[in-house]
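The structure appears below as structure tokens.
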Protein chains: 2
Amino acid sequence: MENTNIKSATPIEATTATPTRPSFPTGTNARKTVSRSHGMRPSRPPDATQTHKKVEDTVPPLAPNSIRIIPLGGVEEIGKNMTMIEYGNDIVIIDIGLQFKEESTPGIDYILPNTKYLEERKDRIRAVIVTHGHLDHIGGIPYVMPRIGNPPLYTRMLTSVMIKKRQEEFTHVPPLDIKVVEKDETITLGALKIKFFAVTHTIPDAMGVVVQTPHGSLVHTGDLKLDHVDGIPTAEEVAEYDRVFKNEKVLLLMADSTNVENPGFSLPEKTVHKNLEEIIKNTKGRLIIATFASLLERMLKIIDFAEKYGKKVVVEGRSMKGNIEICMQLGLLKPKKDTLITVEQIENYSPDKIVILATGAQGDEFAAMMRMANKTHKYIKINKRDTILLSSSVIPGNEKSVQKLKDNLSRQGANIIHYRIADVHSSGHANHDETAWIHKKINPRFFMPVHGYHYMLRVHGEIAHDTNGLTEDQIIIPDNGSIVEIQDSGEKIVKLKEKAPSGIVMVDGFSVGDIQDVVIRDRQMLAQDGIFIVFAIIDSRTGKLKKSPDIISRGFVYLRESQELLHHTRIIIKNTIEDSTKGMNPLNVDFIKTNISDNVSKFLLQKTAKRPIVIPVLLTI
Amino acid sequence: MENTNIKSATPIEATTATPTRPSFPTGTNARKTVSRSHGMRPSRPPDATQTHKKVEDTVPPLAPNSIRIIPLGGVEEIGKNMTMIEYGNDIVIIDIGLQFKEESTPGIDYILPNTKYLEERKDRIRAVIVTHGHLDHIGGIPYVMPRIGNPPLYTRMLTSVMIKKRQEEFTHVPPLDIKVVEKDETITLGALKIKFFAVTHTIPDAMGVVVQTPHGSLVHTGDLKLDHVDGIPTAEEVAEYDRVFKNEKVLLLMADSTNVENPGFSLPEKTVHKNLEEIIKNTKGRLIIATFASLLERMLKIIDFAEKYGKKVVVEGRSMKGNIEICMQLGLLKPKKDTLITVEQIENYSPDKIVILATGAQGDEFAAMMRMANKTHKYIKINKRDTILLSSSVIPGNEKSVQKLKDNLSRQGANIIHYRIADVHSSGHANHDETAWIHKKINPRFFMPVHGYHYMLRVHGEIAHDTNGLTEDQIIIPDNGSIVEIQDSGEKIVKLKEKAPSGIVMVDGFSVGDIQDVVIRDRQMLAQDGIFIVFAIIDSRTGKLKKSPDIISRGFVYLRESQELLHHTRIIIKNTIEDSTKGMNPLNVDFIKTNISDNVSKFLLQKTAKRPIVIPVLLTI
């Protein structure tokens, strides 16, 4: 039997028949057919060649008296912030952030800025400057740095430690060349002079950047808000802006747009601290405070307050523990011995003395808070005497999971305090009037909003107009990859018609790239309707089935309860094969497969109103 | 060759090897391994038998002087509202709603209340009473009515027409027996007397229900808010509550919890109308108003205002058109000839005269608004002179799509007005103080919050305590399927330890059921990591591969660019088969398959950090 003539007609991975998409039967169900966008599957993603084209081919060279600015990320989303500034032979990059996956990118880990423009100009990159230590500003570093030649990285102390800590998880990348700077330092990078300024955010050592060119300065604020009381910025805040901008001729301002839709001034973090102090002081029973691990300043305050009122603090959650360790290492936090206790030590103290600081305020599935809510936390069981303080807002997209968190905690009887009923959270981004104050202080000739969705950038553009009277030709609303130039020695600002590559770059396991559209589309289809694989052996002489075809399916219908459906599907397969092969010699396997795909898809749709991906696997023998 | 001895070793659908889940390699990537919950796949969903058990087996019979109430849906979510009241031999049902799919139920169309309890007591069901015409109150009717014996359905006029209209899409269900009632009618159902009362919501003909029993009355509010000015309910509102409740001994109140977390009184719809009138009057250029098709009262007002100011109205969106037609049919809307024009007629009028009323304020992918935003609308192209009014809030979960809508509209230069910058939307549900007013008026002995997530119900419970002094033993916070009884002739309220079946019931294409956990879990896994099918032919004599194995994969990695990965995977498959079959006679196919699953899964995880479902298909020959 070794010599049995096996003609393999099984598909190799790229040549399986395209599943057909029959139209939906009408009048039988209220199902919204329009909500499916299966589309035809191209044998190759449409832009696969496009993205390999050299950028040089399309982007004009930079004129000697022009400055080029490209926002590579962060201007069509909240996240993956990255901005490039190019003048003469020198490129400076501000921030390399990442964005978390969207509902539209299932299975993906992160989304990165597209850095193709830079990868082709590595030799001109003088530095990456990082404004602060949040993931939407540092998260892309391990992925992007090796691709752009690992240039020197300038940042302040805390940020440098956070970057190094994250880098430990990436063992295969070359070591970073990090240079720690201080806020009043000036550095020179090629023809560019760089100054920094301290900004108020939610993490220590946040800074803005001033890039001085012969034609004037470009200012990038990073993320910021103002330290203020009732809308009056503090003396320190005013002094820092005066120090840097009093005598600075600012050509272009790039500023944070995240919260410009919110009226007035943001809630001062000082007010939040005051309220937290009251709650920590007065709470009877355990106080469990859930907040973001990124809000380092608030965590430090909470530990201080707990210590002040003789309470012990348990820190629960890996990212929070890591950040607290960094703060202690840098001397930003100096708790007394025994203020910080381990979760196992809780039982040694009265509940009135316990403050638990935990991650998972967004209802993250496996974070400390959700484990408590789900009763899966090894040490902490919620009870009626516990008070839970959600010191956080709800990030858009997380409403359902936060609801679930609140539901499960309140189900166990805990008292819940959250930002809608008390001032226990403030964002780190400036509101409308705060932003206007910053515009007034910096008073730029041109303006380009960054850090936000398109509509936010538009609203921010109006602030520039209303505050400093900037006109339409002085304001650029960019997209990711927009090539913005200040031309004629600083006389005008334009957005070129050409764009730098801006296709989405995804981190999917170990794979990092921009040509996975087809994979994502398949995942979306699989998530909706599953897959249905038909396996049949055909007698090449008679064109008939050798045996009843086998079926493998996942995510479609529950097969154990669909025996009749399977039975009829097998009959359809058998008939399709026999009809297709009638008088055919030799067998045209592709033709048979297409017919099976078509007929099975149509039948399954009719019977189930589902459209699984149908793949026929044929073996002729 | 016809007699070739083919031993099929291909899996039938239910016996494919369980994919193994090797542990994640450490130290090489920041990927969160914890976010995967692949879990083992049981050969049968754990509760498949459970759900077929007769309810009678576990639920004790109802005592003669007890009243039983079961919230079958709507008390662990916003949606699928359905409540059952049972007394003696009579069952009355209030509402049969549906819920839209969640992120956790990919591919699903709707979620329904679990009605097993009722399916086994069909003969006692006297009526379904429907409070108003929204999908979370009527949407389950076509699915549920045939299962519970299609009892008579009582509701007010508009609701009855909306139910009939929806029923047209379901051709295979028996016709409904709808009886139209008015708000001041009383009907008798077995031993129960039913009265109604008019409530303020966002749709005409909304009502609450009073079920009179010998022990006192049970009141169900349906969805409601108050018609008020500055927190003072109008005379009509007061009169209606006085008419119904002045002399009513209310044993139990069941009331809407949707917005009880919001302080004070809700924004009056009258204020929204006033603002809309101003905007309609003053807008130059086209005014495009996006709102919910369910907000019938507001749509009617908008058409009235447009007519008043000599403007023409285009209605865009199927659901909106359908609802407007119903209103005209019932005489609720009597526009002048030519006030309503078609979208093709827009060009015949000055833009200043055009009001477009459109669906899709939530950024729904294919609704009218999104088509305008995406430039795919056939007739309406957005331009800088257009004003877009989003007369809606953002439903939790829709933040990203609404953001996209605003981005794409503002990208085309349109001016956008939305609820965060103007009072152009109000919810149809009572806020905290409004709810307290209702509690005061109805003054029940017992209270059970409905319509909301668990935490909302808890907050609502506090309102009952604070307003009427109800104590813990007078308040029941239920779950879906909780069996609540008022016992001892109205003396006490208890929640039994037994529960009515409450497993999730999903509409998935034509399939409606509650045992699809395994399908949903597969869809979730497929959406994350895809599927990887190995197809190999083994020589049953030598135990060796007859040819290089074939691979089919979807949603995993982009195979065209993964040739090396495939090459190595084939080697692993070959080695695994040869190692497994060494000295084996006859071949143990299951053993070989398990080994292939294990080894391939492990290898793919190591190389890609992805965990596709691996299915080996073996043919011995």
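These numbers were taken from a predicted model, which means no experiment stands behind them. Per chain, numbering begins at 1; letters A, B, ... match sequence-line order.
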Given 3.5 Å as the limit, does a donor-acceptor pair link the side chain of A:Lys610 with the main chain of B:Ser511, or not?
no
Going by an N to O cut-off under 4.0 Å, is there a salt bridge joining B:Asp529 and A:Arg523?
no
Largest heavy-atom contact set with chain B, pairs under 4.5 Å, which of A:Glu261, A:Glu399, A:His454
A:His454
Electrostatic pair A:Lys404-B:Glu76, nearest N-O below 4.0 angstrom
no
NZ/NE/NH1/NH2 to OD/OE distance under 4.0 Å, B:Arg411 and A:Asp479
yes
Hey, what do you get for CD1 (A:Ile615) to CD1 (B:Ile552), rounding to the nearest 0.5 Å?
5.5 Å
Using the side chain to side chain contact (heavy atoms under 4.5 Å, CB included) rule, take B:Thr608 and A:Asp508 through it: C-alpha gap first, then chi angles, then the decisive distance, then the call.
CA-CA 8 Å; B:Thr608 66; A:Asp508 185 25; over 6 Å; no
Chain A interface, residue from B:Asn262, B:Ile477, B:Leu409, B:Val173 that has the most non-hydrogen pairs under 4.5 Å
B:Asn262
Distance, nearest 0.5 Å, that separates CG of A:Leu526 from CD of B:Gln524:
13.5 Å
With sequence neighbours left out, write down each residue that passes side-chain contact (heavy atoms from CB on, under 4.5 Å) with B:Ser562, or none if nothing qualifies.
B:Val557, B:Leu565
Pairwise side-chain contact, B:Asp550 with A:Val617, heavy-atom cut-off 4.5 Å (strictly under):
no
For the student: nearest non-hydrogen atoms of B:Ala609 and A:Gly509, plus distance:
CB-CA, 3.6 Å
Could you look at B:Lys400 and say if it's the side chain, the backbone, both or neither that has a heavy atom under 4.5 Å from chain A?
side chain
Is it true that a side-chain atom of A:Lys406 and a backbone atom of B:Met456 form a donor plus acceptor pair closer than 3.5 Å?
no
So, the part of A:Ile416 with a heavy atom under 4.5 Å from chain B: the answer is both
How close do A:Gln606 and B:Phe510 get, counting heavy atoms only, and between which atoms?
O-CE1, 3.1 Å
Can you confirm whether B:Ile537 sits close enough to A:Leu619 that some side-chain heavy atom of one is under 4.5 Å from a side-chain heavy atom of the other?
yes
Heavy-atom pair with the smallest gap, counting every atom of B:Tyr558 and A:Val519:
N-CG2, 3.5 Å
Examine whether an atom of B:His432 lies under 4.5 Å from a heavy atom of chain A, and if so say whether it belongs to the side chain, the backbone or both; otherwise answer neither.
neither
Euclidean distance, A:Asp407 CG relative to B:Tyr455 OH, rounded to 0.5 Å:
10.0 Å
Applying side-chain contact (heavy atoms from CB on, under 4.5 Å) to B:Asn398 and not counting sequence neighbours gives B:Gln362, B:Val394, B:Ile395, B:Ser401, B:Val402
Is a side-chain donor or acceptor of B:Asp522 paired with a backbone partner of A:Arg554 at a separation under 3.5 angstrom?
no
